[in-house]
Amino acid sequence: MIKLKEHITNNSIENEYSKSISLEHRKKFAQFFTPFPIASLMANWVLGNEYLKTVLEPAFGLGVFSRAILNHKEDIEIKGFEVDKTIFEHGKQYFYDTENINLILQDYMYNDWHNKYDGIICNPPYFKFHDYDNKNIIKEIETNLKCKLNGFTNLYTLFLLKSIHQLSPNGRCAYIIPSEFLNSDYGKLVKTYLLKSRTLKHVIVIDFEENIFDDALTTASIILCANDNLTDKVQFSNIQSIQDLSKIDQLINDYPNISKTAQTYNYTELNPEIKWKAYYQKQNSIKFKNLIPFSTYAKVVRGIATGSNDFFTFSVSKSKEYSIDEQFLLPCICKSLEAKKSFFTTSDFEELKENDKTIFLLNAQNSTDEGVIKYLRKGEAEGIDKKFLTASRTPWYALENRPPAPIWVSVFNRTGLRFIRNEANVSNLTTYHCIYPKQTTLFSEIKMDLLFAYLLTKTAKQIFEDNSREYGNGLQKFEPNDLNKGMMLDLGQLNETAKHQILTLYQQYRNKVIENKNGEDLINEIDKIFVNIFTEEEERT
Ligand SMILES: C[S@@+](CC[C@H](N)C(=O)[O-])C[C@H]1O[C@@H](n2cnc3c(N)ncnc32)[C@H](O)[C@@H]1O
């Protein structure tokens, strides 16, 4: 039998398991393991409860947290839940002679609702998509917590909700989870619960250069809770490297004294409805005055989703092959790389067409054309009509009704937002979001060119960044509503002279881009005008 002592303070058990079990199996159960130094730090929080007798590990895996606890205190009663038999059997052999540990092969979400614990410590399963059996779990939570949940959620937040419910008086809970919930709609409920229960004490956002979890595309955060009334403050911290863990150890030792830093808030100051990055990340918008929601001047919606791009998109040669006349094809940009510059003109479109790029979308509705009908039959034979999106449409090949948008924005990239003026007036797939300036607003009507000139500046992008979602590895993502709810400078406040200056520089920039020259210096000039007009006095001095 294997001796636990040799493996208690490192990840050798996890490393050995990862080598012997396929990635496919590990992914199926979200088996990504906590590095021991982090597990040990979280265990210190739980061990800080002077009344600690019982501990629960809801997603046991190979018991890294239990090892970290036992390393300090051998006489704790530990219960572990694990749903996967393979890892369960693997883990059990290390704990065979530890009598005070009780391992249970069961789904945590459906069991053990009535027990309370002095410590709960967990790295819950994280599935990127909402592909878990959420409906039943939500019912289970609603019954037990007597609350109403929104259908869109992520399993890891439900684990946390249940664990908070299971804390005994003075009980402590430490969770490591994606920081995504702090800034997304599905996190609002758990944030509300953390504040209402007054259990949340520390939020530690881990901004390591490398991802902690082998290949999960997300940044992690450590959530420390205590079911005591020792403080009504919550502190946010950011850590950049493993070395910073000692700073967090200090915070843990100092509890319940929470130091008064810029990132410390009373419960009443925290709003569960907003993105919490406002509390732990420098906000670019702070230095500007006269900000308004972007939705005041424009509306952002996602591009056309076809349900099967291979079937619905065409190049000239494909249209010839299937005898589809151009009158049944909608000019459409299908790949973001195909619009390289800030302006997409009719001649850019013609060039793509000549190079036989995929730049059309089948627009078959009401057509009796023989070629079109034949192509649709082919689609039905291939089951295209039964796909998720097409099956819900009537007829199945109907296109979403989206007029061409005058401005596009790329949705997922490393270098920040990229705006493109669609002068060719063609449609776009979901690689871009569509931006439609509002025709009439209660405020002054702003010109499309002025709006676009603003969007090209660094200032516009920085202000939007306050409202992005992070995906780890420096990837940013903006859903249409992140932009609608994002802020912008109120261009309606510009006087005629400033507008004229900006539009003149903008025309010069456009000419340069069209001639394939670099016009960045002109955009910088425009940016300077905005910064001068909209920066708060004290920021400038
Ligand atoms: C992210 S891993 C963490 C493992 C370990 N605690 C660690 O931190 O290294 C999550 C573990 O929970 C298990 N798991 C997944 N769904 C579960 C459920 N509903 N109930 C209990 N365990 C579950 C997985 O098999 C996996 O071992």
Side-chain angles (χ1 to χ4, degrees), residues 7-18 20-43 45-46 55-71 78-92 94-95 101-113 115 119-138 140-141 153-163 166 173-178 180 206 211-218 220-223:
H7 304 278
I8 201 159
T9 60
N10 56 48
N11 285 107
S12 56
I13 302 183
E14 282 80 14
N15 294 342
E16 183 249 325
Y17 175 83
S18 299
S20 63
I21 303 293
S22 73
L23 185 62
E24 196 190 352
H25 179 89
R26 289 192 285 129
K27 276 194 171 158
K28 185 174 164 205
F29 291 97
Q31 290 170 352
F32 296 102
F33 303 112
T34 313
F36 189 82
I38 292 187
S40 174
L41 175 103
M42 290 164 63
W45 172 255
V46 169
V55 166
L56 171 70
E57 223 201 298
F60 192 78
L62 298 160
V64 69
F65 295 118
S66 296
R67 300 195 316 263
I69 299 256
L70 291 170
N71 187 37
I78 299 182
K79 196 190 274 182
F81 279 87
E82 174 53 61
V83 84
D84 169 32
K85 194 159 191 291
T86 306
I87 201 166
F88 178 79
E89 294 298 340
H90 211 95
K92 227 168 58 174
Y94 292 95
F95 294 93
I101 192 157
N102 176 12
L103 299 183
I104 300 168
L105 182 61
Q106 275 179 358
D107 188 324
Y108 170 62
M109 290 311 296
Y110 291 101
N111 293 285
D112 204 42
W113 275 94
N115 286 321
I120 303 182
I121 185 162
C122 187
N123 172 0
Y126 167 55
F127 298 103
K128 197 143 145 256
F129 301 104
H130 310 269
D131 57 358
Y132 201 78
D133 163 33
N134 272 343
K135 247 195 219 136
N136 288 332
I137 293 187
I138 284 174
E140 183 85 1
I141 297 229
T153 185
N154 207 307
L155 182 62
Y156 72 90
T157 59
L158 301 180
F159 260 67
L160 179 57
L161 276 180
K162 180 172 183 231
S163 291
Q166 288 188 277
C173 172
Y175 257 64
I176 180 161
I177 47 182
E180 196 179 279
I206 306 182
N211 264 327
I212 306 186
F213 304 112
D214 310 0
D215 60 1
L217 190 62
T218 176
S221 60
I222 297 175
I223 307 295

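Numbering of ligands and ligand atoms starts at 1, following listing order. These values consider heavy atoms only, across backbone and side chains, with no hydrogens, waters or symmetry-generated copies. Along the sequence shown, residues carry numbers from 1. Being a predicted model, the structure only gives us computed values, none of them experimental.
- Within the structure, the closest approach of P124 to ligand 1 falls below 4.0 Å when heavy atoms are considered.
- Annotation: F32 places no N or O atom under 3.5 Å from an N or O atom of ligand 1; distance criterion only.
- Counting heavy atoms under 4.0 Å from ligand 1, residue E57 touches it through the side chain alone.
- Heavy-atom minimum distance, T34 versus N11: O-ND2, 3.0 Å.
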*Can you check side chain to side chain contact (heavy atoms under 4.5 Å, CB included) on I69 and E57, steps first, answer last?*
CA-CA 11 Å; I69 299 256; E57 223 201 298; over 6 Å; no

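- The proximity of C122 to ligand 1, defined as any non-hydrogen pair under 4.0 Å, does not occur for either the backbone or the side chain.
- Considering only residues two or more places apart in sequence or on other chains, Y108 meets the side chain to side chain donor-acceptor pair (under 3.5 Å) condition with S163, Q166.
- Contacts with ligand 1 closer than 4.0 Å are made by heavy atoms of both the backbone and the side chain of Y108.
- Residue-ligand proximity, F60 to ligand 1, at heavy-atom distances under 4.0 Å covers atoms 5 (C), 6 (N).
- With a 4.0 Å heavy-atom cut-off, ligand 1 is reached by no atom of F127.
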_L56 vs F81, test: side chain to side chain contact (heavy atoms under 4.5 Å, CB included). Steps then yes/no._
CA-CA 8 Å; L56 171 70; F81 279 87; 3.7 Å; yes

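- Ring to ring, F60 and F95 are close: their centroids are under 6.0 angstrom apart.
- Set against the non-hydrogen atoms of D107, the atoms of ligand 1 under 4.0 Å away are 18 (C), 19 (N), 20 (N).
- Distances shorter than 4.0 angstrom occur between a heavy atom of P58 and an atom of ligand 1.
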*May I have the step-by-step check of side chain to side chain contact (heavy atoms under 4.5 Å, CB included) for H90 and E16, ending in yes or no?*
CA-CA 10 Å; H90 211 95; E16 183 249 325; 3.6 Å; yes

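- Every atom of ligand 1 is numbered from 1 in the order shown, and the set under 4.0 Å from a heavy atom of G61 is 4 (C), 27 (O).
- A salt bridge links K85 with E89; the closest basic N to acidic carboxylate O contact falls under 4.0 Å.
- Listed by atom number, the atoms of ligand 1 under 4.0 Å from T34 heavy atoms are 7 (C), 8 (O), 9 (O).
- Residue contact check: V64 has heavy atoms under 4.0 Å from atoms 7 (C), 8 (O), 9 (O) of ligand 1.
- Closest approach of Y17 to L62, counting heavy atoms only: CB-CD1, 3.6 Å.
- With sequence neighbours left out, the side chain to side chain donor-acceptor pair (under 3.5 Å) criterion links S12 to H7, N10.
- Assignment of Y110 to the shell around ligand 1 is not supported, since no heavy atom sits closer than 4.0 Å.
- Listed by number with element, the atoms of ligand 1 under 4.0 Å from a non-hydrogen atom of A30 are 1 (C), 2 (S), 10 (C).
- Judged by distance alone, with hydrogens and angles left aside, the side-chain atoms of N71 form no donor-acceptor pair with the main-chain N or O of R67 at under 3.5 Å.
- Interface of Q31 with ligand 1, defined as ligand atoms under 4.0 Å from a residue heavy atom, comprises 24 (C), 25 (O), 26 (C), 27 (O).
- Using a 4.0 Å heavy-atom cutoff, M109 is absent from the residues neighbouring ligand 1.
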